[in-house]
Amino acid sequence: MSSPGGQGGALSTRGAGGPKRMKWALELSLGNTRSRGDRQSKEGDVMYPVGYSDKPVPDTSVQETDRNLVEKRCWDIALGPLKQIPMNLFIMYMSGNTISIFPIMMVCMMAWRPIQALMSMSATFKLLESSSQQWLQGLVYLIGNLLGSALAVYKCQSMGLLPTHSSDWLAFIEPPQRLEIMGGGMVL
Amino acid sequence: MAGQLAGFTVSLCLLGFTVAVFEDQVGKFDWRQQFVGEVQFALFDTHSQASKKLLVATEKNIFASLNSRTGELFWRHVDKMGPEGHIDMLLMHGQDAVVVVGNGRLLRSWETTVGGLNWETVLDTGSFQSAAFIGLQDLVKYVAVLKKSAISLHYLSNGHQKWVENLPESDTVQYQTVYSGGNGQVFVLGVVPNSHIVIVEYNIEDGEIMKQNSVAAPWMSSLKSSCVVVGIGVLLCVDPTTESIYTLPLQSEEQTKMTPILLQTLGLEMASGFQPVLMSTQPHPARPPLSEFFLQLGPDHHILLQLKDGHISALRDFNPSYLVSFATTGEKTVAAVMSPKNETACSINLFSADTGRRLLDTTIIYYMDPNGGKPTKLYVHAFLKKDDSVGYRVLVQTEDLVLNFLQQPGRVVWTREEALADVVTMEMVDLPLTGTQAELEGEFGKKAAIQDGLLPMVLKRLSSQLILLQAWLSHLWKLFYDARKPRSHVKNEVTIETLSRDEFNLQKMMVMVTASGKLFGIDSKSGAVLWKKYLENVQPNSVFKLMVQRTTAHFPHPPQCTLLIKDKDTGLGSLYVFNPIFGKKSHISVPALPRPVLQSLLLPLMDQDYAKVLLLIDDQYKVTAFPSTKNVLQQLQEMASSIFFYLVDASQGRLSGFRLRKDLSTELIWEVVIPTEVQKIVGVKGKRANEHVHSQGRVMGDRSVLYKYLNPNLLAVVTESTDSHQERSFVGIFLIDGVTGRIVHEAVQRKARGPVHFVHSENWVVYVYWNTKSRRNEFSVLELFEGMELYNSTVFSSLDRPHPPQVLQQSYIFPSHISTLEATLTEKGITSRHLLVGLPSGAIMSLPKMFLDPRRPEVGSDQSREENLIPYSPEMMIRTEWFINYNQTVSRVRGIYTAPSGLESTCLVVAYGLDIYQTRVYPSKQFDVLKDDYDYVLISSVLLGLFFATMISKRLAEVKLLNRAWR
């Protein structure tokens with residue numbers, strides 16, 4: 001019985017607080033009025049002359065060391081998948097060949113990542129655009145991913161998830177059609 | 001090793017082959033009906049007025065007590081089969097029923113209220129002749145048993161022998177009757193056929209022969225059929241040749257010759273060629289019989305006579321009359337007479353025995369079932385009403401073994417179909433679709449789609465959906481309407497009109513053929529008999545073969561079953577064609593079978609009316625086709641070269657195979673002779689036509705496939721040695737290809753003896769035999785494999801099989817005898833198989849086939865564990881949770897019938913013998929339906945709760961977002 005009263009009280013305080021908030025305001029002074037949030041902080045700022053920027057201008061001149069860095073960075077990208085392979089091998093070894101939720105998740109991840117990478121090949125090529133050895137790096141990247149997926153397939157194989165045995169196709173064998181009709185029995 | 005074993009047991013527990021039902025499921029899917037068979041003796045308990053007991057002893061060696069108000073069994077004692085347990089005589093006095101069993105082997109006294117055994121005495125050897133209560137001064141104290149050469153007297157209270165006496169000149173005289181009038185003597189009557197009667201009088205107290213006399217009777221051959229004792233010790237005998245009744249006072253001094261009374265002097269005439277029958281009554285064993293008696297002069301002619309001072313007078317002539325019977329209540333004795341009223345009904349009337357006067361208001365009208373037989377036996381239960389008049393109820397047994405219990409004025413109190421105690425063969429037929437279902441079927445059939453355009457199809461669809469909605473609403477309304485009624489009234493009445501297939505095709509029509517020639521249609525869900533038909537001219541030792549020619553799947557053609565009845569004596573066969581759902585005889589013309597029929601063969605070919613073609617082979621190996629329309633004959637001509645049949649003649653030990661020629665004659669193509677002097681063929685089984693095998697092979701531990709040898713033409717032939725010496729007896733099993741006659745495999749089980757029960761299915765044969773050396777029952781399983789590669793995966797032809805199959809065999813010890821063996825069957829054959837084993841105890845065990853696998857290794861390896869093979873152990877246990885019929889034992893189970901249902905997991909099982917038991921089994925558990933105890937309330941309340949929770953939280957989230965936007 002007390003809660004409606006309490007609510008009424010809350011409503012009344014909210015109503016009392018209402019007039020404090022402005023519904024709209026017109027700012028006649030100059031400045032960035034686009035953002036309401038900025039308005040209060042930048043209220044006291046002075047105007048800057050035309051062409052002034054308060055950010056430092058970066059040095060755009062390309063240097064030799066930077067070029068090396070780019071090359072290195074691109075190689076990092078290209079070799080990424082290959083570097084993961086030992087790690088994957090270790091995970092594979094640790095997860096074992098039993099079919100349970102964790103090994104299945106591992107295998108799915110191992111298989112999915114190279115595939116995802118291969119699908120977004122063009123994006124990776126764009127990243128490598130600045131490198132001089134673009135094609136070689138692309139190839140290495142491709143091989144790495146292919147190796148990764150091969151590893152996943154191998155893992156599937158060792159877990160017995162691939163339909164490579166005749167028993168996997170057993171359910172699809174139709175019963176043979178019989179050519180002769182036969183019947184009879186003991187003499188009644 | 002111990003660890004392995006423990007692991008194995010754990011895995012077994014996890015596999016959990018429990019097939020048992022829960023307590024609340026009892027009677028939900030299963031039912032049992034108990035029978036007693038053809039009644040031989042029936043006695044009403046007249047001890048007290050309110051007694052409801054009716055004691056029956058039957059041809060099936062059963063002694064039982066029925067509730068005369070409901071027809072249910074109070075108790076039942078099932079004795080041994082055959083002459084050893086045959087009930088020779090049933091006598092009742094007070095609370096005790098005295099039974100002579102096994103041709104005078106045992107004398108038993110039963111307490112009739114609970115069916116407990118009072119005492120049992122082993123009698124001396126000798127073939128049983130007669131038994132009677134012996135009373136003295138109004139007290140019944142003894143029971144006399146007359147054997148071929150001796151008479152013994154036993155105390156009724158404890159069965160002890162009072163005395164036993166050899167009968168004089170028992171090698172020439174046939175003693176047949178024992179009689180006592182309750183005054184201290186026991187008369188034993190014997191006859192030397194066509195010479196004279198011998199009367200020996202014994203003293204009750206010490207068995208001393210008081211008197212011995214012989215009276216010339218050159219016309220007499222047997223006492224039993226023609227003589228009775230009437231009145232105060234007067235022997236009456238009827239002679240059909242001279243048409244006269246002879247009288248002889250037993251107690252008088254001058255027993256020299258019998259005095260004849262010509263029937264003509266009484267104004268009576270005898271039906272020619274009829275052996276007249278006399279019937280008297282002795283209401284109390286300690287008192288002399290009444291002086292009134294019945295004389296049957298013809299099949300439908302009885303007469304009530306009275307003997308008074310040596311003269312016979314007719315009290316009343318009953319012509320026509322089918323059956324007569326005496327009954328006594330208190331001091332009054334009445335005679336009940338059943339006489340024909342019209343074509344379909346009989347009337348039963350009571351007559352006072354001493355005057356022959358008809359008692360008023362005592363008519364019972366008995367309506368004869370048009371699908372039943374004539375009444376054969378009449379038992380009357382008379383009682384005194386409050387106003388001291390006599391009331392009565394009657395038990396009528398008919399030719400087709402129906403027990404009808406009627407009360408005045410003709411109300412049938414209960415009916416028992418005792419023919420069902422002897423089911424010979426059965427089939428299960430799908431029920432028809434309901435009207436709406438059938439309409440849908442017809443609407444979206446192939447023909448309709450071709451004829452109609454798009455728009456009419458849409459309209460049709462809408463209209464049929466409307467019909468479905470209407471049916472559903474009316475169903476809901478019925479549910480609602482029923483829910484308001486009290487529980488007991490709701491009991492669903494199953495009638496033929498309301499029969500329709502259920503969603504999963506679990507309810508079927510059981511068509512049962514009984515040995516007496518009566519056919520039954522039974523609803524498999526409730527066990528109610530929906531139709532019955534008595535075939536009148538069936539000989540008692542006929543052989544029956546029931547075939548389903550057309551199933552219910554071919555609407556609007558009605559389903560059609562054909563019963564081949566072969567008379568063993570003449571060898572001639574006849575066909576009875578009927579609709580299995582309604583039990584009506586079909587009007588299709590049946591081919592005449594002038595020659596003895598040897599076998600029949602149901603082909604998968606169909607005529608234009610979708611009826612499968614039935615071939616009947618006569619003793620000249622000519623074939624008759626049924627139906628034999630032009631279409632069928634043309635199809636047969638085209639197919640003739642690929643139709644084969646085999647015949648097994650057990651008496652000559654010959655198996656022969658034939659091929660059909662275009663002119664419907666046959667040619668012999670192979671013959672296998674098993675010498676009958678060494679072994680005899682006891683059984684041959686092919687595979688069931690409706691069996692499907694889903695998996696063509698078995699997956700090995702290394703994931704390769706071992707293909708099954710699935711030869712549809714394979715026959716399993718079981719033989720037993722004629723030499724029954726335990727060292728030399730053997731059981732042989734031959735696997736023979738029925739088309740080519742090639743013996744695919746042959747196995748001999750030495751030191752083994754029958755009876756052999758076997759099942760042949762898929763690629764395996766399981767058989768059970770008795771091992772004479774180790775004195776135990778053994779299961780043996782044979783499994784056939786084609787190898788790691790299929791020879792021809794598309795077609796199977798027995799004529800082109802160059803490689804013999806690999807055969808594996810293993811045997812196991814089974815701790816019990818078995819009565820019958822059958823395998824479960826499912827729609828697609830995906831579900832694992834179980835064997836249904838009927839045990840003599842009445843239990844039916846569902847034994848997983850997995851335990852009978854010849855690939856079970858002696859030592860488990862990783863590969864075998866991968867394959868789920870259980871390590872071999874020779875002993876097989878009987879686990880009580882494998883009993884599918886918990887405590888509903890099926891006495892003398894003779895056969896088990898299995899049928900697939902619409903659900904792949906479920907197999908319908910009917911066990912028949914003396915009782916009938918129907919249930920469902922789930923060999924791989926119910927993987928395709930929700931469990932019986934599935935918590936619908938919880939699931940739906942959780943779902944609803946979640947739904948409302950999302951609704952509420954969505955609304956709350958909206959409000960919150962809006963508020964934040966305002967802030």
Side-chain angles (χ1 to χ4, degrees), chain A residues 3-4 6-25 35-40 96-100 103 153-188, chain B residues 543 545 564 566 568 571 573 597-605 615 617 639 642-651 657-658 681 683-686 689 692-700 702-705 707 710 712-713 715 738-739 788-790 792-800 967:
Chain A
S3 60
Q7 254 184 8
L11 270 172
S12 67
T13 50
R14 209 168 129 187
K20 278 184 185 170
R21 200 185 279 172
M22 289 165 286
K23 232 174 188 170
W24 60 274
S35 137
R36 263 167 73 187
D38 289 348
R39 192 180 56 218
Q40 278 162 346
N97 281 342
T98 51
I99 296 187
S100 62
V153 168
Y154 171 72
K155 180 68 185 168
C156 280
Q157 156 81 15
S158 59
M159 280 171 76
L161 294 177
L162 292 187
T164 51
H165 294 273
S166 51
S167 60
D168 299 315
W169 304 98
L170 182 63
F172 300 99
I173 301 177
E174 290 290 315
Q177 197 194 341
R178 68 188 278 199
L179 288 186
E180 294 98 8
I181 302 170
M182 190 221 54
M186 285 263 200
V187 171
L188 288 177
Chain B
V543 189
K545 194 169 176 185
L564 171 65
K566 185 183 168 181
K568 268 270 185 192
V597 174
L598 292 186
Q599 248 305 339
S600 70
L601 166 60
L602 195 66
L603 297 180
L605 301 178
L615 296 185
I617 299 123
M639 298 283 293
S642 63
I643 296 174
F644 298 83
F645 61 92
Y646 70 94
L647 289 173
V648 182
D649 191 347
S651 60
F658 299 87
I681 300 171
V684 55
K685 272 182 191 171
H692 293 274
V693 183
H694 179 73
S695 182
Q696 298 295 306
R698 283 194 57 172
V699 181
M700 301 286 98
D702 61 354
R703 304 182 61 212
S704 58
V705 178
Y707 289 98
L710 293 168
N713 307 322
L715 307 173
V739 169
M788 296 316 230
E789 270 172 25
L790 274 180
N792 186 344
S793 63
T794 51
V795 290
F796 189 96
S797 169
S798 286
L799 303 169
D800 177 31
R967 193 172 288 133

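Throughout, a chain's letter reflects where its sequence line sits, starting with A, and its residues are numbered from 1.
- Looking only at heavy-atom pairs under 4.5 Å with chain A, the residue among Val543(B), Val597(B), Leu603(B), Ile643(B) that has the most is Ile643(B).
- For chain A, the option among Met639(B), Gln696(B), Arg698(B), His694(B) with the highest count of heavy-atom pairs below 4.5 Å is Gln696(B).
- Inter-residue side-chain proximity for His165(A) and Val705(B) is flagged as unmet; no heavy-atom pair is nearer than 4.5 Å.
- Heavy atoms of Ile617(B) lying under 4.5 Å from chain A are absent altogether.
- Contacts of Glu174(A) with chain B are made by backbone atoms alone, with heavy-atom separations under 4.5 Å and no side-chain atom involved.
- For chain A, no part of Phe658(B) is nearby; none of its heavy atoms comes within less than 4.5 Å.
- The contact list for residues 181-188 of chain A toward chain B, using heavy atoms and a distance under 4.5 Å, reads Ile181(A), Met182(A), Gly183(A), Gly184(A), Gly185(A), Met186(A), Val187(A), Leu188(A) by residue number.
- With no hydrogens or angles considered, no side-chain donor-acceptor pair links Thr794(B) and Gln177(A) at under 3.5 Å.
- No donor-acceptor pair under 3.5 Å is formed between the side chain of Glu180(A) and the backbone N or O of Val739(B).
- No side-chain heavy atom of Met788(B) sits under 4.5 Å from any side-chain heavy atom of Ser166(A).
- With sequence neighbours left out, the side chain to side chain contact (heavy atoms under 4.5 Å, CB included) criterion links Glu789(B) to no other residue.
- Interface remark: Asp800(B) contributes no atoms to any contact with chain A (heavy atom separation under 4.5 Å).
- Contacts of Leu564(B) with chain A are made by side-chain atoms alone, with heavy-atom separations under 4.5 Å and no backbone atom involved.
- A 4.5 Å side-chain heavy-atom check between Ser695(B) and Leu170(A) finds at least one atom pair inside the cut-off.
- With chain A as the partner, the residue from Val795(B), Leu790(B), Leu601(B) showing the most heavy-atom pairs under 4.5 Å is Val795(B).
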